[in-house]
K.L.:
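Please see the structure below; I have some questions.
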Amino acid sequence: MMTIDEQVEYLMQGADFGDASIAETMALELRERLVESAKTGRPLRVYCGYDPTSTDLHLGHTVTMRKLRQFQELGHQVLFVIGSFTAMIGDPSDKDKLRKQLTHEEVMKNGRTYAEQAFRILDPDKTEVVYNHDWLAKLTFSDLIDLASNFTVQQFLARENFHKRFDKSEPIYLHEFFYAIMQGYDAYHLEADVQIGGSDQLFNIITAARKLMAFLGKRPNIGIVLGILPGTDGEVRMSKSLGNHIPLNTNAEDMYGKVMSIPDKAMPVYARLATQWTPEVLHSFENGLASNTLHPRDAKMKLAFGITSVFYGDAAAGAAQDQFVNTFQKGNVPDDMPEYQLKEGDNLIDILVSEKMATSRGEVRRLLEQQGIKLDGETVSDASVELKPGAVLQVGKRRFLRLI
RNA sequence: GGACGGUUACCCAAGUGGACAACGGGGGCUGACUGUAAAUCAGCUGGCUGGCGCCUUCGGAGGUUCGAAUCCUUCACCGUCCA
């Protein structure tokens with residue numbers, strides 16, 4: 001059992017408020033409430049909302065889920081909120097553009113997928129899945145006026161993303177302001193003790209929610225604002241539309257490999273936000289990197305293993321690791337690869353295109369020029385090479401095809 | 001309702017009659033090197049073709065012109081300002 005202070009450290013791991021005094025206040029309040037909970041035996045209610053804007057979850061979505069899981073490990077209750085109402089407005093937080101609004105059907109469908117995938121991480125016994133249209137849809141216009149009267153336009157315009165759009169004379173729709181109010185109302189309605197979110201949620205959680213809860217006569221919730229997980233490019237936030245995401249619906253080999261492809265400099269963030277490591281493990285990892293006693297390659301392998309095992313278990317993660325070492329470190333041919341049944345008159349170009357090893361015949365020609373195609377380990381320079389059953393075709397470093 | 005601006009390849013973005021398959025950046029791909037699919041460096045990045053070359057693409061449709069991403073008409077969508 002962790003001490004209260006250890007719990008606070010564990011739960012605040014990966015938090016990023018962008019402001020030391022907020023961080024301190026939140027840690028202090030969290031500590032108080034943990035003490036209280038230990039005394040009374042009442043588990044804390046931990047809220048995190050998800051706007052179901054797509055069906056494919058990726059590693060970036062799981063950062064907050066992992067935090068929720070940590071609370072569960074310490075015995076607390078998770079409120080997994082599907083933003084069935086808020087998603088229809090579209091959260092302006094992480095965009096500097098207006099987001100498209102979804103229909104109720106789309107939202108409900110996506111929401112179910114979210115919850116399903118979330119249970120790969122969360123403990124179902126300590127999780128309540130709720131939909132926020134259940135309460136938000138019932139608010140009246142005068143309720144909204146009351147709630148809105150707590151905020152000034154200036155407060156909203158002080159937010160960087162609104163501020164930028166204002167300066168550039170880009171439109172800021174009135175309803176975009178409601179988003180923060182709705183999220184705050186969620187926290188009030190759910191009587192949340194703690195609210196988790198990404199750093200783009202700082203305003204919604206720390207300002208809007210706390211203010212509204214106080215106004216409505218509730219104790220303001222504690223915000224834990226987590227850093228943003230960058231994508232495989234190591235620069236910008238992970239996002240499917242940017243193509244730098246690591247999807248959850250894949251396989252262990254792919255996930256392991258994708259983590260290996262992140263830049264070295266992104267390793268600490270990934271360790272903090274994407275693993276289930278305890279503070280001690282995390283510290284030794286970070287110290288190892290900083291002091292050069294941990295080899296960057298080994299560090300990344302550790303990281304890839306740690307992340308993959310969360311979703312696929314240790315066994316599959318281990319197998320993925322073996323395969324990676326075999327293929328990329330030793331340069332061997334992997335055991336498992338797609339196969340192709342040779343036919344009379346087949347030629348290299350046709351096969352590569354039809355098997356999707358290349359997108360066009362022109363690309364195959366380019367690959368040939370760039371010495372990117374190998375047959376049984378020998379670089380191929382001529383498209384008319386003889387192909388025999390049993391041979392292995394290789395495109396680049398990672399695409400293989402066995403001819404049978 | 002009025003005035004003005006925009007829509008270019010996967011993304012951002014330049015190009016305002018010919019040298020444009022279209023500058024540049026990002027991403028992606030390939031190679032070299034390495035410590036890994038990191039970093040760095042180099043090349044490639046619409047399709048077809050062995051190659052000369054041909055075909056399709058700059059929001060849609062029409063037109064002017066020997067020739068259009070570029071000019072005109074019209075439609076659609078996005079935006080700003082005035083009311």
Side-chain angles (χ1 to χ4, degrees), chain A residues 90 92 95-101 164-173 176 230-246 250-271 285 288-289 291-308 317 320-334 347-350 352-354 356-375 377-385 393-400:
Chain A
K95 300 269 167 176
D96 37 24
K97 280 186 181 156
L98 180 70
R99 194 185 253 186
K100 99 172 206 275
Q101 298 181 19
K164 267 192 201 150
R165 283 159 66 182
F166 188 80
D167 282 349
K168 287 201 289 191
S169 291
E170 284 172 358
I172 301 168
Y173 286 88
E176 295 185 74
T232 47
D233 57 337
E235 295 287 343
V236 284
R237 65 178 294 139
M238 186 175 288
S239 137
K240 191 187 176 192
S241 52
L242 294 173
N244 62 359
H245 68 305
I246 301 180
T250 177
N251 57 54
E253 284 77 27
D254 184 56
M255 183 177 274
Y256 189 94
K258 284 211 163 72
V259 177
M260 286 306 284
S261 79
I262 66 167
D264 287 2
K265 64 174 194 267
M267 287 198 282
V269 199
Y270 269 68
F285 182 83
L289 277 182
S291 64
N292 280 326
T293 50
L294 181 59
H295 192 293
R297 184 202 53 207
D298 296 335
K300 205 178 287 177
M301 288 174 71
K302 222 173 139 179
L303 192 60
F305 181 89
I307 291 171
T308 308
Q321 178 156 302
D322 291 345
Q323 170 125 337
F324 182 88
V325 169
N326 192 35
T327 309
F328 297 109
Q329 271 164 259
K330 298 190 182 150
N332 293 338
V333 167
N347 74 63
L348 183 75
I349 295 183
D350 293 332
L352 291 180
V353 172
S354 74
K356 305 225 161 59
M357 306 271 284
T359 54
S360 68
R361 303 170 68 80
E363 189 184 340
V364 177
R365 287 201 187 83
R366 259 178 255 130
L367 286 165
L368 283 168
E369 273 170 34
Q370 296 176 146
Q371 315 198 312
I373 298 177
K374 290 189 182 134
L375 183 64
E378 298 289 315
T379 302
V380 178
S381 55
D382 184 355
S384 60
V385 278
L393 260 179
Q394 178 178 359
V395 175
K397 291 193 176 78
R398 48 181 133 161
R399 279 167 286 170
F400 296 91

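Letters go in sequence order (proteins before strands), and every chain restarts at 1.
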K.L.:
On a whole-Å scale, what distance lies between the C1' atoms belonging to B:C4 and B:A9?
P.N.:
29 Å
K.L.:
Please report the distance, rounded to the nearest Å, between CZ in A:Arg399 and C1' in B:U30.
P.N.:
9 Å
K.L.:
Give none if B:G1 has no partner; otherwise give the nucleotide forming a Watson-Crick or G-U wobble pair with it, both distances under 3.5 Å.
P.N.:
B:C82
K.L.:
Going by the rule salt bridge (charged side-chain N to carboxylate O under 4.0 Å, His left out), which residues pair with A:Lys302 if we only count those two or more places apart in sequence or in a different chain?
P.N.:
none
K.L.:
Quick one: does A:Asp382's side chain have a donor or acceptor within less than 3.5 Å of a partner on A:Val385's backbone?
P.N.:
no
K.L.:
Using atom C1' of each nucleotide, how far apart are B:G6 and B:A13 to the nearest Å?
P.N.:
13 Å
K.L.:
When the P atoms of B:U36 and B:G51 are considered, how many whole Å apart are they?
P.N.:
37 Å
K.L.:
Under a 3.5 Å limit for both distances, which nucleotide forms a Watson-Crick or G-U wobble pair with B:C41, could you say?
P.N.:
B:G31
K.L.:
Does the protein touch nucleotides 33-45 of chain B at the base, only the backbone, or not at all? Give it as B, S and - per nucleotide, heavy atoms under 4.0 Å.
P.N.:
--BBBB----BSS
K.L.:
Is there a Watson-Crick or G-U wobble partner for B:G67 with both distances under 3.5 Å, and which nucleotide is it?
P.N.:
none
K.L.:
Please answer whether the main-chain N or O of A:Thr359 pairs with a side-chain N or O of A:Glu363 as donor and acceptor at a distance below 3.5 Å.
P.N.:
yes
K.L.:
Side chain to side chain contact (heavy atoms under 4.5 Å, CB included), that's the test. Do A:Lys374 and A:Val395 meet it? Break it down for me.
P.N.:
CA-CA 6 Å; A:Lys374 290 189 182 134; A:Val395 175; over 6 Å; no
K.L.:
Establish, from distance only, whether the side-chain atoms of A:Asp350 and A:Asn347 form a donor-acceptor pair under 3.5 Å.
P.N.:
yes
K.L.:
Could you state the atom-to-atom distance from CD of A:Glu369 to P of B:C29 in whole Å?
P.N.:
19 Å
K.L.:
Expressed as a whole number of Å, how far does the C1' atom of B:G25 sit from that of B:G18?
P.N.:
28 Å
K.L.:
Between B:C78 and B:G60, how far apart are the C1' atoms? Round to whole Å, please.
P.N.:
15 Å
K.L.:
Quote, to the nearest angstrom, the P distance that separates B:C11 from B:G2.
P.N.:
34 Å
K.L.:
Quick one: do A:Lys300 and A:Ile262 satisfy side chain to side chain contact (heavy atoms under 4.5 Å, CB included)? Show the steps, please.
P.N.:
CA-CA 9 Å; A:Lys300 205 178 287 177; A:Ile262 66 167; 4.3 Å; yes
K.L.:
Rounded to whole angstrom units, what separation is found between the CG atom of A:Leu368 and the P atom of B:U30?
P.N.:
13 Å
K.L.:
Can you tell me the base-pairing partner of B:U57? Count Watson-Crick or G-U wobble geometry only, both distances below 3.5 Å, and say none if there is no partner.
P.N.:
none
K.L.:
On a whole-Å scale, what distance lies between the C1' atoms belonging to B:C44 and B:A21?
P.N.:
15 Å
K.L.:
Considering every strand shown, what is the Watson-Crick or G-U wobble mate of B:A76 when both distances are under 3.5 Å?
P.N.:
B:U7
K.L.:
For A:Gly396 and for A:Thr359, find the nucleotide of RNA chain B with the closest heavy atom, then tell me which residue's nucleotide is more 5'.
P.N.:
A:Gly396
K.L.:
Phosphate oxygens OP1/OP2 of B:G50: is one of them under 4.0 Å from a side-chain N or O of A:Arg365?
P.N.:
yes
K.L.:
What verdict does the side chain to side chain contact (heavy atoms under 4.5 Å, CB included) test give for A:Val364 and A:Ile373, after you've listed the backbone C-alpha separation in whole Å, the side-chain angles of each residue and the deciding distance to 0.1 Å?
P.N.:
CA-CA 8 Å; A:Val364 177; A:Ile373 298 177; 4.0 Å; yes
K.L.:
Please name the nucleotide paired to B:A19 by Watson-Crick or G-U wobble geometry with both distances under 3.5 Å, or report none.
P.N.:
none
K.L.:
May I ask you to decide if A:Gly396's main-chain N or O and A:Gln394's side chain share a donor-acceptor pair within less than 3.5 Å?
P.N.:
yes
K.L.:
Quickly work out the A:Ile349 CD1 to B:U49 P distance and round it to whole Å.
P.N.:
7 Å
K.L.:
Using the P atom on both, measure B:C29 against B:A37 and round to a whole Å.
P.N.:
13 Å
